[in-house]
Protein chains: 2
Amino acid sequence: MPSKKYHHGDLKNALIQAGIEILSRDGVAGLSLRKVALRAKVSHSAPYAHFSDKQSLIAAISTEGFNQLYAELSAAIGERASSPEKKIFAAIKAYVTFALTRTDTFKIMFSGVIEKEKEYPAFVEVSQRTFRLVVDVVRECQRSGLLPAGQTELVAVSIWGQIHGIVSLALEGQIPHTVIDKKDVQSIVDFALGQLMALKG
Amino acid sequence: MPSKKYHHGDLKNALIQAGIEILSRDGVAGLSLRKVALRAKVSHSAPYAHFSDKQSLIAAISTEGFNQLYAELSAAIGERASSPEKKIFAAIKAYVTFALTRTDTFKIMFSGVIEKEKEYPAFVEVSQRTFRLVVDVVRECQRSGLLPAGQTELVAVSIWGQIHGIVSLALEGQIPHTVIDKKDVQSIVDFALGQLMALKG
DNA sequence: ACCTGAACACCGTTCAAGT
DNA sequence: ACCTGAACACCGTTCAAGT
């Protein structure tokens, strides 16, 4: 371990970690640069040596979140050479679990706080890599007749959008009680996906 | 018109209007109570006579947004006794248009800034009323065989979730360029819905 | 009942200065 | 190269005081 003196050693990553922790404790609204600095035990202006502004830190946190999501998705998909059906359901379960577990990280990843994506190539890279993972599973499902053929990327966006939408509405408390009181988010998502899959019984 | 003196007359609604305007100019991040007050030409503490805090103003803005969305959805659906298919596509087009036009109002409506819904009955009411509109159209589509029968509310949530998810991802710039460069949001949504509808040729 | 102005704690960001 | 501390403009919220 690096000796604790004037220079922190790895302040950049310490700030990202501190940010994730504050996010899970105080939520998106409670995330401030000054709190992050305090938690990392540096002065409130120290973060500016590593991040140009708050947006930049949020981009780094979002990138880290996407890396974790990617890892969990590929772990869920990759467990042995299972059937396309098992793979896609496992992937979706992992997505929902991620959203329900690391709620505020998930929210910030998709809260458009990153407007100028071009400035954050690492974020764009992992986000694209994650999408490709989904596209590959969708393609397998198409080949085995589980999903209608053609337009693989469009189908992937449709399915991803559906899961993402249902999860988002649930996180914002927008799903009517008449529905959410009877079924949990995972069940609703499974139902929705089942409808799509039913296309090819 | 009310004479402009010490008392504003209808400051409450003026603040909501000012908020919506600031939202469309400066975005969600640029919305502050002090700016709203300034725009309504009152002191920065005047809003507190009508709203307990910023959340409360946001709830009022969201409620107003939902009222507009409800109006546009029912206008789209209600135009003559058209077919269920026309109705559902018209409704979805209206939803997408609303999201793309009043982007920041849409975002704040679904940004979970309203955590304690119970405290905002007007918001809950219009939100439920809007959902019922969707449920009714879905039921019509089920009756005419466009959508699979049963579980009407679940089907409604699935479809609403899908539209909402695709639109949200688009607003956050998360749809990969390989897709969004070829098709606009409306087309992607139509494609997704077409997949669901295809269930019953 | 409705609004103002001073006050307080907190925030993002900058910058000269320290190590 | 990395970090501190003072400073500035802005913010949400409170409260005594004005009309």
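Here is how names work: the chains are called A, B, and so on, in the same order as the sequence lines, proteins then strands, and each is numbered from 1. Note that the structure is predicted; figures quoted are calculated from it, not measured.
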Watson-Crick or G-U counterpart of C/dG12, or none if no pair lies under 3.5 Å: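 C/dG12 is paired, partner D/dC8.
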Counter-base of C/dA1, judged by Watson-Crick or G-U geometry with both distances under 3.5 Å: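 Answer to the pairing question: D/dT19, which forms a Watson-Crick or G-U pair with C/dA1.
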Taking only the side-chain nitrogens and oxygens of A/S32, find out if one of them lies under 4.0 Å from OP1 or OP2 of C/dC11.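 Yes, because at least one side-chain N or O of A/S32 sits under 4.0 Å from OP1 or OP2 of C/dC11.
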Between atom [atom1] in [X] and atom [atom2] in [N], what is the gap in whole Å?
X: B/L38; N: C/dC3; atom1: CG; atom2: P; answer: 16 Å
X: B/K35; N: D/dA9; atom1: NZ; atom2: P; answer: 17 Å
X: A/K12; N: D/dC2; atom1: NZ; atom2: P; answer: 10 Å
X: A/H50; N: D/dT4; atom1: NE2; atom2: C1'; answer: 13 Å
X: A/D10; N: D/dC3; atom1: CG; atom2: P; answer: 10 Å
X: B/L33; N: C/dC11; atom1: CG; atom2: P; answer: 17 Å
X: B/Y48; N: D/dA17; atom1: OH; atom2: C1'; answer: 19 Å
X: A/L57; N: C/dT13; atom1: CG; atom2: P; answer: 10 Å

Among [options], find the nucleotide with the atom closest to the side chain of [X].
X: B/K54; options: D/dC3, D/dT4, D/dT13; value: D/dT13
X: B/A49; options: C/dC3, D/dC2, C/dT14; value: C/dC3
X: B/D53; options: C/dG12, D/dT4, D/dT13; value: D/dT13

Is the backbone of B/M109 close enough, under 3.5 Å, to the side chain of A/Q174 for a donor and an acceptor to pair up by distance?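 Indeed, once roles are kept as given, a pair shorter than 3.5 Å links the two residues.
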Check this for me: B/E125, atom CD, are more than 12 non-hydrogen atoms of other residues, nucleotides or ligands nearer than 6.0 Å?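 Yes, enclosed.
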On a heavy-atom basis, which atom in B/A37 and which in B/L15 lie closest, and how many Å separate them?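 So the minimum-distance heavy-atom pair works out to CA-CD2, 4.3 Å.
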Any idea which heavy atoms bring A/F110 and A/H164 closest together, and the distance?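 Smallest interatomic distance, heavy atoms only, reads CG-CE1, 3.4 Å.
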Nearest-0.5 Å distance that lies between atom CD in A/Q151 and atom CZ in B/F191: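 Output value for this atom pair is 5.0 Å.
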Hey, which sits more toward the 5' end of DNA chain D by its nearest nucleotide, A/R34 or B/H44?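 By nearest-heavy-atom nucleotide position, the 5'-most residue is A/R34.
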